[in-house]
Amino acid sequence: MDKVMRMSSEKGVVIFTKSSCCLCYAVQILFRDLRVQPTIHEIDNDTDCREIEKALLRLGCSTAVPAVFVGGKLVGSTNEVMSLHLSGSLVPLIKPYQSILY
């Protein structure tokens, strides 16, 4: 769990993914379309993959990936991110991490 907390606090927006996950890709594209360059951790390339998945689930993710953190705090998985976006609550949350040059 310490590794996940450390990794999730590295940058403003952090997404834990798996390389074969299409929903992970969709969430990444959403953030890029919103002018945010998230830090991506593909956990299937990490030797601690199983432990990271378990930690993400213990933190409250409905699924292990994608797991989105903003400002070091868990936002959630695809459903939570899309719900925030559709309600207009995602952009204010990520505004400090948006790039004007992106």
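Just so you know, residue 1 is the first one in the sequence shown, and it goes up from there. The analysis underlying the following values was restricted to heavy atoms, covering all of them including side chains, and did not include hydrogens, waters or symmetry mates.
Residues passing the ring-ring contact (aromatic ring centres under 6.0 Å, His included) test with F16, sequence neighbours excluded: H41, F69. Every side-chain contact (heavy atoms from CB on, under 4.5 Å) that S19 has, sequence neighbours left out, goes to E42, D44. By the side-chain contact (heavy atoms from CB on, under 4.5 Å) test, I29 is found to be paired with Y25, D33, residues two or more places apart in sequence or in another chain being considered.
When every heavy atom of P92 is checked against every heavy atom of G88, the shortest pair comes out as CD-O, 3.3 Å. In plain terms, the two heavy atoms of Y97 and G12 that are nearest each other are CE2-CA, 3.3 Å.
V13 and M82 fall within a single hydrophobic cluster, where Ile, Leu, Val, Met, Phe, Trp and Tyr are joined by side-chain heavy atoms under 4.5 Å apart, directly or via other members.
A distance of 8.5 Å separates CD1 in I15 from CG in L30, rounded to the nearest 0.5 Å. Rounding to the nearest 0.5 Å places CD1 of I94 at 4.5 Å from CG of L34.
The side-chain hydrogen bond (donor to acceptor under 3.5 Å, both in side chains) analysis of residues 76-85, with sequence neighbours excluded, yields the pairs T63-S77. Applying the side-chain hydrogen bond (donor to acceptor under 3.5 Å, both in side chains) rule to pairs touching residues 87-96 yields S87-S89, sequence neighbours excluded.
Between the side chain of R35 and the backbone N or O of Q98, no donor-acceptor pair lies under 3.5 Å.
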For residues 1-8, which side-chain donor-acceptor pairs fall under 3.5 Å, sequence neighbours excluded?
| from | atom 1 | to | atom 2 | distance (Å) |
| --- | --- | --- | --- | --- |
| K3 | NZ | D46 | OD1 | 3.0 |
| K3 | NZ | D46 | OD2 | 3.0 |
| K3 | NZ | D48 | OD2 | 2.9 |
| S8 | OG | V4 | O | 3.0 |
| S8 | OG | M5 | O | 3.0 |

Using residues 49-62 as the side-chain source, report each donor-acceptor pair under 3.5 Å to any protein atom, sequence neighbours left out, with the distance given to one decimal.
| from | atom 1 | to | atom 2 | distance (Å) |
| --- | --- | --- | --- | --- |
| R50 | NH1 | E53 | OE1 | 3.1 |
| E53 | OE2 | K18 | NZ | 2.4 |

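Screening V75, I40, V68 against V27 for a side chain to side chain contact (heavy atoms under 4.5 Å, CB included) leaves a single residue, V68.
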